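Values in this document were obtained by computation on a predicted structure and should not be read as measured data.
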Amino acid sequence: MIDFERTLRFLNLEPQKSKSFGRARIWETVSILGLGGANALVLEVGSNTTASEVREAVSSPFGKASTAVFRRDQELNRLSGVLRESGITNSLLERDILFEAAKKLLGTGSKLDLPRATIEPAILDAKDNSVGLCTRKVADWVRESGSGSLAVLTGPAGFGKTTICKILVNRILDAPVLKRIPLYISSANWQHLIEQHHVTLRGVFLEAVSSTFAKAAIGEEMVEHLIAQGAIIPIFDGLDEICTDAYTEIGIREIVSQLEELFSETPEARVLFTTRTTFWSTARADDRLRFSEFRIQSFDSERRNEFLEEWFDRDAEAKSRATSLLGRIEALGNSGPRSDGEDEVLFSESPYMLHLACLAAEEQSGLGFDEATWADVRDPLDAVLRSLSAREVFKNKIQPGKQNRILYTTALLHGENFSVDDFSEVIELYEEEGERLDGMLSHHVIGGRGDRRKFLFHGFGDYLRAKAIASWLFDGEDQIFGVEEYLADINSENDTSVDIFGEISGFYGGIDTLRLAFAREAVQKLFLNRTGQGLLLLLARSVRQQGMLTHEEVATELNEIFLGGSGVIENIHFEGQIEGVSFRGLRFDNCEFLDTIFRNCEFDKDTKFLETCVFKKDFAVYACEGFGECLLEATNLSTQARAVFASRKVRGSDRRVSREDIETLFGFIFSQMQTSDLNYRDISREGLISRAQKKNSYIANAVIDVLQKNGVLKITRQQSKHKTRVGVGKPEDVIAFHREGASVRSVRKSVNEVMQMYS
């Protein structure tokens, strides 16, 4: 009853008395604007009112109403005929008359300015997985009876959530048939409330109305009433911002509670929120269920082309520059096959990335692209990363340089995938307060749901690792944690970040600069441990890629840069697989080889393993050119290693591999994919190889390669997508699954193939 009294007062009708007839009620009112006060009788038709209740009300001695106001669409459609029979022809919907009155008092506001290129994205309705244009989907939700009062529009950073809000405001203004006044709410409407340490959703609504309709005098209660009745539809941009700010102390649960109290009996109300996907995934499931959820889709090629066409209009030359830049960015950052991850996108599929590329191609300044002529810059993502980090300061309050170091270390230590706890530990390394975690978890480059996170852009983890190494080597940036650990684990050409490093290193000055970087005292000190192995492989491969050199030329550069011209690889601990390196003419002195395999490397008659070298456990050589020509001195060899050197075999060692060895390693690998409660988890390729090598370095790489080839493991861009049903001893008893499906047969086939390799 109080709600309808507010409606009458907003219409300048002062309620005097009323009489109920079931769920219908006759109100006697006095028009405040009438000369001396003019009486008017209004019939209120509530929810689920029956025809008999209406007939009783209109025939009562209380008086005949001149106007009937229906509180719900259903009753208006169902009972308006009954009223016409009784002579009442003026039947109105409460929301409509509130909308008309509010429009006279407030106006409808003005249209919002849109970005230079505005392409409406598609969104997915989580309820039925249907995809459609954003404005159409949201309009259907606004009109649909019983669809719920709350909706959330989720998407990664840079997918255009703010732009979508503005498009929706403008479309609602253009479509008065919706009869709702759009109220756009941005962070500007609640920032000063945070400073006062007093934030409620009601206060934010009132602040937004006062800001948008500055000339209208309207109280908090009436603002709430207009929103609750659906005459005003708030479009709240940045739910994650208000909930993650350290001073708000307001969460989704409290917001839901406030709104449900406000909308307890008004299903016509609608409020739309936007939030980053990473934040929304942390909300409690029962809270999320109270919302209709729409997920913004990344730009497909058609929308991407529309964006470029609209931005550049008729400037074909500038468009060509932007297209070229986007291609180079993707070539640098997006390596390896793309997985089907829900949140994984290419750089050019993000509207904000397109925006940066267009600015860079057009202005050539202001975004960090002005270090050199932009067409010659070999590290275009450097400027993009700095732009993104500067944009994120508002959300996480961490300076861009430290943001980047946190991202570098996360990529170095955890690869493409990491847990919230992993990320929290990295933030603590940089002495950031725990309250910064939510802001960083919602960073522009981070995607994922629940406890699991990943780098949103395809190949971005590789880029971050390469960038971390470049900063550590070239800039002497010792504040980047994890570089040594990462270099110690480099053992395979599957690690494409090493190739990306070759691209980036050219940005810093070429081979001469590489020489200086590797001559740094801090780097030289690391040669005594396994990090030296990582540096050697890194240098050899980056020089080869950067200069497009032959193996012989790589060996020369390796000698000049890494070994100071001595030709001696000294004091390095080697372990695991060494792949794709030329050791022509080089000598190994005082090096330790523990379970080491050389694969696809090159040797010649001048390659020497001096007597100071120690070979422990297993040693094998596969597909290595010229190994049989090595001139051996009295090297301290284990039995297995000596057999290899004595026989001068190019392929394989004399060690016999049993089926039990292979099955044991298979079982170990499966156990690494499974938690104690039989749930499944993702492990980075680097992590899986590292663990498998500790179990059996002799066959670890071959086993993982065969499992991947046969579909038991699905490994893309250095991450493993795999699931196991149970963890038992023998692979014959293990059913392995991934998205495409694996079977016992594929496990057995993998075992047999590894057996053939070592028979």
Side-chain angles (χ1 to χ4, degrees), residues 154-159 161-162 187 191 194 237-252 274-283 333 341 343-345 347 350 352-353 381-382 384-457 460-465 467-468 471 477 479-483 486 682 684:
T154 69
F159 269 41
K161 293 183 292 296
T162 295
S187 58
Q191 273 299 318
I194 289 177
D237 187 19
L239 177 65
D240 53 321
E241 292 179 26
I242 196 169
C243 289
T244 58
D245 193 286
Y247 299 107
T248 60
E249 297 182 357
I250 186 172
I252 291 179
T274 72
T275 178
R276 292 186 178 186
T277 307
T278 46
F279 169 76
W280 185 245
S281 68
T282 63
D343 294 324
E344 183 185 7
V345 296
F347 292 107
S350 161
Y352 188 68
M353 289 295 188
L381 270 179
D382 177 71
V384 171
L385 181 60
R386 284 188 284 113
S387 296
L388 295 180
S389 296
R391 185 176 188 248
E392 293 296 305
V393 171
F394 173 77
K395 291 183 182 293
N396 56 45
K397 309 298 189 296
I398 301 176
Q399 290 305 304
K402 186 174 286 189
Q403 286 183 51
N404 291 347
R405 289 194 292 274
I406 290 171
L407 296 174
Y408 292 161
T409 297
T410 302
L412 287 165
L413 294 179
H414 303 294
E416 300 291 337
N417 292 285
F418 47 93
S419 69
V420 171
D421 288 341
D422 293 336
F423 198 55
S424 178
E425 290 172 2
V426 171
I427 291 177
E428 289 176 4
L429 287 175
Y430 291 94
E431 300 178 347
E432 281 298 333
E433 302 172 17
E435 64 192 27
R436 307 294 187 215
L437 175 63
D438 286 341
M440 277 298 292
L441 277 172
S442 189
H443 196 283
H444 200 110
V445 302
I446 293 176
R449 297 176 183 275
D451 182 58
R452 300 304 304 173
R453 292 293 187 271
K454 61 191 287 188
F455 291 111
L456 172 65
F457 297 107
F460 202 64
D462 276 339
Y463 172 77
L464 290 173
R465 287 190 288 275
K467 189 67 178 174
S471 299
E477 179 59 90
Q479 296 180 24
I480 299 174
F481 301 99
V483 176
Y486 173 72
D682 292 337
S684 68

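- Checking each of L239, T277, T274 against T154 for a side chain to side chain contact (heavy atoms under 4.5 Å, CB included) leaves exactly one that passes, namely T277.
- In this structure, the separation between CG on N396 and NZ on K402 is 11.5 Å, given to the nearest 0.5 Å.
- Taken to the nearest 0.5 Å, the CD1 atom of I252 stands 6.5 Å off from the OG1 atom of T275.
- I480 and S471 get closest at one heavy-atom pair: CD1-CB, 3.6 Å.
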> Checking side-chain contact (heavy atoms from CB on, under 4.5 Å) for the pair F460/F347: CA distance, chi angles, key distance, verdict?
Replying inline: CA-CA 9 Å; F460 202 64; F347 292 107; 3.2 Å; yes
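- Looking at D237 and K161, no side-chain N of the basic residue comes within less than 4.0 Å of a carboxylate O on the acidic one, giving no salt bridge.
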> Step by step, would you call D422 with L413 a side-chain contact (heavy atoms from CB on, under 4.5 Å)?
Replying inline: CA-CA 9 Å; D422 293 336; L413 294 179; over 6 Å; no
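- Atom CD1 in I406 sits 12.5 Å away from atom CG in L464 (nearest 0.5 Å).
- A heavy-atom distance below 4.5 Å is not found between the side chains of R405 and L429.
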>> Test salt bridge (charged side-chain N to carboxylate O under 4.0 Å, His left out) on R465 and E416; report intermediate values, then the result.
In response: CA-CA 10 Å; R465 287 190 288 275; E416 300 291 337; 3.6 Å; yes
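- For the pair E392 and R276, the salt-bridge criterion is met [side-chain N within less than 4.0 Å of a carboxylate O].
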>> Determine whether S419 and R452 satisfy the following criterion, side-chain contact (heavy atoms from CB on, under 4.5 Å), listing intermediate values before the conclusion.
In response: CA-CA 5 Å; S419 69; R452 300 304 304 173; 3.4 Å; yes
>> The test is side-chain contact (heavy atoms from CB on, under 4.5 Å); show your working for V420 and L441 and say whether it passes.
In response: CA-CA 8 Å; V420 171; L441 277 172; 3.8 Å; yes
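- Looking at every heavy atom in both residues, S350 comes nearest to G158 through OG-O, 3.3 Å.
- In the model, D421 has no side-chain atom that pairs as donor or acceptor with a side-chain atom of S424 under 3.5 Å.
- A donor-acceptor contact closer than 3.5 angstrom links the side chains of Y430 and T409.
- When each of F423, F418, Y408, Y463 is tested with F455 by the rule ring pair (Phe, Tyr, Trp, His ring centres under 6.0 Å), just one qualifies, namely F418.
- Remark: S389 OG to H443 NE2 distance equals 4.0 Å, nearest 0.5 Å.
- Residues I446 and F457 form no side-chain contact, since every pair of their non-hydrogen atoms from C-beta on lies 4.5 Å or further apart.
- A donor-acceptor pair under 3.5 Å links the side-chain atoms of H444 to the main chain of A157, judged by distance alone.
- Atoms CG and CG, from L407 and L385 in turn, are 6.5 Å apart once rounded to the nearest 0.5 Å.
- Within the model, atoms CG of N404 and NZ of K467 stand 9.0 Å from one another, a figure rounded to the nearest 0.5 Å.
- When atom types are taken as modelled, the side chain of Q399 and the backbone of G401 share no donor-acceptor pair closer than 3.5 angstrom.
- Counting all heavy atoms, side chain and backbone alike, P156 lies closest to L456 at CB-CD2, 3.4 Å.
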